[in-house]
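Below is one structure, written out as structure tokens; comments come after it.
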Amino acid sequence: MFVEIERKWQEMWEKYRIFEADPSDKEKFFITVPYPYLNGNLHAGHTRTFTIGDAFARYMRMKGYNVLFPLGFHVTGTPIIGLAELIAKRDQRTIDVYTKFHDVPIGELLKLTTPEKIVEYFAKEALSALKRIGYSIDWRRVFTTTDEAYQKFIEWQFWRLKELGLIEKGSHPVRYCPNDQNPVEDHDLLLGDEASIVEFVAIKFRLKDSDLIFPCATLRAETIFGVTNIWLKPTKYVIAMVDGEKWVVSKEAYEKLVFMDKKVELLREVDASEFFGKKVIVPIVEREVPILPAEFVDTDNATGVVMSVPAHAPYDYVALKELGVEIEPIVIIGTDIKGIPAKEIVEELGIKGQNDPELEKATKILYKREFHTGIMLENTGKFAGMKVSEAKERIEKELISLKIADVFYEFSEKPVVCRCGTKCVVKVVKDQWFIRYSNENWKRKVLSHLEKMTIIPEYYKEEFRNKIEWLKDKACARRKGLGTRIPWDREWLIESLSDSTIYMCYYILAKYVNLGILKPENITMELLDYLFLNRGSLELAKNSGLSKDVIRKIKEEFEYWYPVDLRSSGKDLVANHLLFYLFHHVALFEEKYLPRAIAVNGYVSLEGQKMSKSKGPLLTMKRALDTYGADVTRLYILHSAEYDSDADWRSKEVESFVESLKRFFNLVRENYTKEVNEVTLLDRWLISKFNRAVKDVRDAMDKLQTRRAVNVAFFEVMNYVRWYIRRGGKNLAIILDDWIKLLAPFIPHICEELWHMKHSSFVSLEKYPDFDPNKLDPVAEKAEEYISRLLEDIKEVKKFVENPRIVYIYPAEDWKFEALKIANEKGLKEALRFLSEKGIAKEDISAFSKKFKNAELIPNEREIIEQNLEFFERELQLRVSLDSEKIPVDKKRFAMPGRPAIFVC
RNA sequence: GCGGGGGUUGCCGAGCGGAAAAGGCGCAGGGCUUAAGACCCUGUCCCGUAGGGGUCCGCGGGUUCGAAUCCCGCCCCCCGCACCA
């Protein structure tokens, strides 16, 4: 329906370049949304984030700001390469998803066998969709992250971070597939995508009179003081050289150790039974304890060697009891549990043996209790009196720093299996480049800047605070993928979340790059230092080969646009990109260039189902546009949900939006050019109500509440208009200029089309309607409220009369008005005195006192009714009479100001 | 487990100290129409032959003249916990 209109105005906007933004005298507003990643078509999720951004950009533009709204494309990373490989392999699943959900024709799809072709194809598709939905983007600034110029920019950024000491080498644990020889992500996994990496502490117990080490894996290092023995499963173990020590560990543990950044060498297999009864020495405590067999030991969990703390570990307690060995548990933690804690809980739960599944529960309960409320007892040396939660951390640190213990990584859940079918391991990656987000100083600066920012919705500020505190060092280099090489270590590629942190300032460069003024070779360290950091000098920047004039111009442009006033983004980016965005800005830029505001929006599901790029279902932006058109899609998605709450796309609802928009379009078209006659009370009511709506809409938009804004601007105003027409209003045109403008940020094409029926300017550049208190008309509003209330009352009464033909209306007598006034001002008592002095009958006075609280002073009631007799008769299909003679006295008595007596017969 | 958000009338979703509680969707009835659609109106917790009454906002208590809205306890749901865009 609106296809032609939409195309027409998109062409006009482009032709007149109205969204191309350059520095001017006006106040600027720089808004960005995250550039999309091009491993598929844009979908409803992008549609939501981007449409919110666009509506706001348009709103701010109409509020008089010089608005810059740019967009580029993200192609860095592995998924695009992965996709190219899958297509080249003709992977059936991929072909299905991309033909069925991404709407790529099979013929086209099969050609996309290299990353370059994929980027080219999806960039073209994205650009076309983004234009067809009518975003007010300055397209002169588009780029992709593999552009040579962009890579120069990224290299500069990394050099500067390194110079600040924020990039360093380190090692860290990852989930790893030994077969693929690659770290695995959630979507690479067949099983275990819920598993996280847990740090066990492996405490080294030396065998008495030997150099053999038994590394006992535990999550409760503080219980070392209560160790009475250690456990081995009665099965085969191995002896291995680990960093120069002879360790006895399970076979599985040995395989894992190989990946853990240790020098590991297998010496020989050994049977656990060889050790049973022998003694090991508990470190720190220096106590000799025996090695005993236990079936509950899981050789596939950590080292497969376990220390036994029967007083605090239900498993140990039960196993010892079953074994029948005379060992006294050593209580080392005090809580409100009396006696031996493990014993108490085992008995309480009625646990039968070491294979009882309830043991797991018992362990958890006890752990929680002791961790949160426990105090270390006097038999724990210097830790005595300390809270368990604190002691645990201190002991772990101490043991590790004294080399009495090592960290042993293990999955929290098992098994973890790669898509290729191989069991995954925890691998410690060495010599990896890290961004040191854990740097306290850095964090403090980010936190302090956060306090000055606007975060929408505001409770996300707390979320950001927590995430900033929690953020750890991040590996920023990869072996595989598209992207920029680390300039000082070219074997590594900069990871994709790390290269998209401060690119908003690249939009300023991109314009000059696209104009051919700025070439990759011009983008030197000195130039960028000068442009973005106010470092060096114009002279040094000139070494880039650019003229002073050009450099000055770019610099001015940066100074003008920066900082970013609003970054509007999906909530999935809070814990990563948005954090990095803040960190990197804070690290590199001066205070005045730091981000001002962040807004977060929720997801979009499809008929109640989660969307998935790689599995479906998926609604592409293009498909939405083909089916419903740009304005319908925009209006619907803006109205679908507010802030971070998730939206559900339902085609049935969207279809009804099509109808709503048609109705709006026709209504305006039929009334817009009509001449406005003399302004009536009803007209003033419309103006008044509309003015309130304007206030609401602006208020909502200022808080980025697009749902509320659309609700008021479109649906509520529509309801006023309905009532207005029903009431016989003839001058709808009096609000139409403003209504069109009010809706222009949301449905710009239709508004542009309608606007041009009367004007030759672009409504997109018009001034947004302003709230004007002088246009409020309480008298008119009261009158309309009175009419609709009266109408409802009569209808209500009418229901109870068969064959109703006539309604008599009897407005309250004058003395009631006077009495009500007195009651309102001086209280009921005064009013009643006035009435009795006036000689009003007792029954009437009593009726008044009962009813006065829901009465209201409406000016000229009788007149209002008289002037609207026709309206009432038409609506009620009754004759309306003001003849008071026909109304029974007992009904007249209850007539009150604002609520006339009515009698239907 | 930790952190953030949330449970409202058939559904989505406003409201956050005084309304059976905005708006949208759905459903039902009526009008218009040759008819379907669209459009317009009405109803959509229960009761009611006079504009009325009753019961409601996860559960249980409390504060208050008055609570969906404030306080306490409990239950349930969603999201994040990364090296992946």
Side-chain angles (χ1 to χ4, degrees), chain A residues 34 36-40 74-80 172-175 183-188 196-197 364 367-368 371-372 412 429 432 434-435 437 457 459-467 469-478 481 495-498 500 571-577 579 602-603 608 613-614 636 639-648 650 652-657 659-660 662-663 666-667 705 707-708 710-712 714-716 718-719 722 725-726 789-802 804 875 877 888 891 894 899-905:
Chain A
Y37 186 73
L38 292 182
N39 65 336
H74 196 199
V75 302
T76 313
T78 50
I80 288 178
H172 74 128
V174 295
R175 283 188 304 210
V184 285
E185 302 148 27
D186 276 356
H187 59 260
D188 294 328
S196 57
I197 295 172
K364 268 193 181 154
Y367 175 81
K368 240 165 109 174
F371 183 79
H372 294 290
S412 64
V429 181
Q432 167 76 278
F434 278 85
I435 303 183
Y437 291 124
Y459 52 76
Y460 264 76
K461 192 171 266 195
E462 181 64 13
E463 180 89 342
F464 272 106
R465 271 186 213 116
N466 295 337
K467 301 277 192 232
E469 295 284 6
W470 150 93
L471 194 63
K472 301 185 200 100
D473 293 348
K474 175 174 163 61
C476 62
R478 289 292 107 87
E495 177 276 331
S496 70
L497 282 168
S498 307
S500 54
K571 64 181 174 187
D572 49 327
L573 299 183
V574 170
N576 41 67
H577 165 259
L579 283 185
Y603 305 121
K613 260 185 177 181
S614 58
Y636 181 74
H639 184 73
S640 62
E642 202 85 286
Y643 288 155
D644 67 320
S645 48
D646 298 335
D648 189 28
R650 300 188 210 186
K652 265 189 114 172
E653 279 186 29
V654 190
E655 271 154 34
S656 86
F657 270 59
E659 299 307 331
S660 301
K662 279 188 197 165
R663 193 187 321 155
N666 293 330
L667 187 70
Q705 293 179 301
R707 181 187 166 94
R708 181 155 81 94
V710 167
N711 198 235
V712 175
F714 191 75
F715 292 105
E716 283 188 6
M718 185 62 96
N719 284 342
R722 272 195 192 129
I725 290 171
R726 184 172 159 199
R789 174 81 214 231
L790 182 54
L791 184 67
E792 269 172 43
D793 281 352
I794 298 171
K795 277 187 180 169
E796 178 74 19
V797 172
K798 189 183 153 194
K799 283 200 304 203
F800 299 101
V801 179
E802 42 183 312
E875 288 286 331
Q877 298 292 304
K891 294 220 185 301
F894 290 102
R899 308 290 301 274
I902 51 192
F903 180 63
V904 179
C905 58

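Here is how names work: the chains are called A, B, and so on, in the same order as the sequence lines, proteins then strands, and each is numbered from 1. Predicted model only: the values in this text are computed from it and were never measured.
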Quiz item: Is the base of C25(B) touched by the side chain of K652(A) through a donor-acceptor pair closer than 3.5 angstrom?
Solution: no
Exercise. Assign N719(A) to base, sugar-phosphate, or nothing according to its heavy-atom contacts below 4.0 angstrom with the strands shown.
Key: sugar-phosphate
Quiz item: Any side-chain N or O of R663(A) less than 4.0 Å from the OP1 or OP2 oxygen of G37(B)?
Solution: no
Quiz item: Considering every strand shown, what is the Watson-Crick or G-U wobble mate of C74(B) when both distances are under 3.5 Å?
Solution: G58(B)
Quiz prompt | Donor-acceptor pair (no angle test) under 3.5 Å: D793(A) side chain, G51(B) base | solution = yes
Quiz prompt | E642(A) CD - A14(B) C1' separation (whole Å) | solution = 10 Å
Self-check item: Test salt bridge (charged side-chain N to carboxylate O under 4.0 Å, His left out) applied to E462(A) and R465(A), step by step
Solution: CA-CA 5 Å; E462(A) 181 64 13; R465(A) 271 186 213 116; 2.6 Å; yes
Quiz item: For P900(A), which contact category applies under a 4.0 Å heavy-atom criterion: base, sugar-phosphate, or nothing?
Solution: base
Quiz item: Would one find a side-chain N or O of T78(A) under 4.0 angstrom from OP1 or OP2 of A85(B)?
Solution: yes
Self-check item: Proximal nucleotide (of C83(B), U42(B), G52(B)) relative to the R789(A) side chain
Solution: G52(B)
All N/O contacts under 3.5 Å from nucleotides 77-80 of chain B to the protein, with atom names and distances to one decimal?
none

Quiz item: Any luck finding a side-chain donor-acceptor pair between N711(A) and R708(A) under 3.5 Å?
Solution: no
Practice problem: Write down the partner of C25(B) under the Watson-Crick or G-U wobble criteria, each distance required to be under 3.5 Å. | Solution: G10(B)
Quiz item: Which heavy-atom pair separates F903(A) from K891(A) by the least distance, and what is that distance?
Solution: CD1-CE, 3.8 Å
Self-check item: Atom pair distance, as rounded to whole Å: NZ in K472(A) and C1' in A82(B)
Solution: 8 Å
Self-check item: Minimum-distance nucleotide (side-chain atoms of Y459(A) versus C39(B), A50(B), G4(B))
Solution: G4(B)
Quiz item: In whole angstrom, what separates F464(A)'s CZ from G4(B)'s P?
Solution: 14 Å
Quiz item: How many Å lie between CD on E875(A) and P on C41(B), as a whole number?
Solution: 9 Å
Quiz item: Looking for any heavy atom pair under 4.0 Å, which part of the strands does H74(A) touch: base, sugar-phosphate only, or nothing?
Solution: sugar-phosphate
Quiz item: Can a side chain N or O of R650(A) be found less than 4.0 Å away from OP1 or OP2 on C12(B)?
Solution: no
Self-check item: Q705(A) side chain vs R707(A) backbone, donor-acceptor pair below 3.5 Å
Solution: no
Quiz prompt | Atom-pair distance (CZ on R707(A); P on A14(B)), nearest Å | solution = 6 Å
Quiz item: Distance only, no hydrogens: is a donor on one side chain within 3.5 Å (strictly under) of an acceptor on the other, for S645(A) and E642(A)?
Solution: no
Quiz item: Looking at residues at least two apart in the chain, or sitting in another chain, which of them share a ring pair (Phe, Tyr, Trp, His ring centres under 6.0 Å) with F434(A)?
Solution: H172(A)
Self-check item: Taking every non-hydrogen atom, the tightest pair across P79(A) and Y37(A)
Solution: CD-OH, 3.3 Å
Exercise. Report yes if at least one side-chain N or O of R708(A) is closer than 4.0 Å to OP1 or OP2 of G13(B); otherwise report no.
Key: no
Quiz item: If you find the nucleotide of RNA chain B closest to C476(A) and the one closest to K891(A), which residue's nucleotide is nearer the 5' end?
Solution: K891(A)
Quiz item: Contact class for T76(A) (heavy atom, under 4.0 Å): base, sugar-phosphate, or nothing?
Solution: sugar-phosphate
Quiz item: Please give, in whole Å, the distance from C2(B) P to R465(A) CZ?
Solution: 21 Å
Quiz item: Base, sugar-phosphate, or nothing: which does V904(A) touch, judged by heavy atoms less than 4.0 Å apart?
Solution: base
Quiz item: Can you check the K474(A) NZ to C84(B) P distance for me, whole Å?
Solution: 7 Å
Exercise. Please determine, for the side chain of V801(A), which listed nucleotide (C84(B), A50(B), G48(B)) has the closest atom?
Key: A50(B)
Quiz item: Which base sits across from G52(B) as a Watson-Crick or G-U pair, both distances under 3.5 Å?
Solution: C47(B)
Practice problem: Identify whether any heavy atom of F894(A) sits under 4.0 Å from a base atom; if not, whether one sits that close to sugar-phosphate; answer base, sugar-phosphate or nothing. | Solution: nothing
Quiz prompt | P atoms of G17(B) and C83(B), separation to the nearest Å | solution = 43 Å
Exercise. Scan F657(A) against the nucleic acid and name what it touches under 4.0 Å (heavy atoms): base, sugar-phosphate only, or nothing.
Key: sugar-phosphate
Self-check item: Check: D646(A) side chain, Y603(A) main-chain N or O, donor-acceptor pair, under 3.5 Å
Solution: yes
Exercise. Kindly write out the residues that satisfy ring pair (Phe, Tyr, Trp, His ring centres under 6.0 Å) with F715(A), not counting sequence neighbours, or none if the list is empty.
Key: H639(A), F657(A)
Quiz item: So what does K799(A) touch, heavy atoms closer than 4.0 Å: a base, only the sugar-phosphate, or nothing?
Solution: base
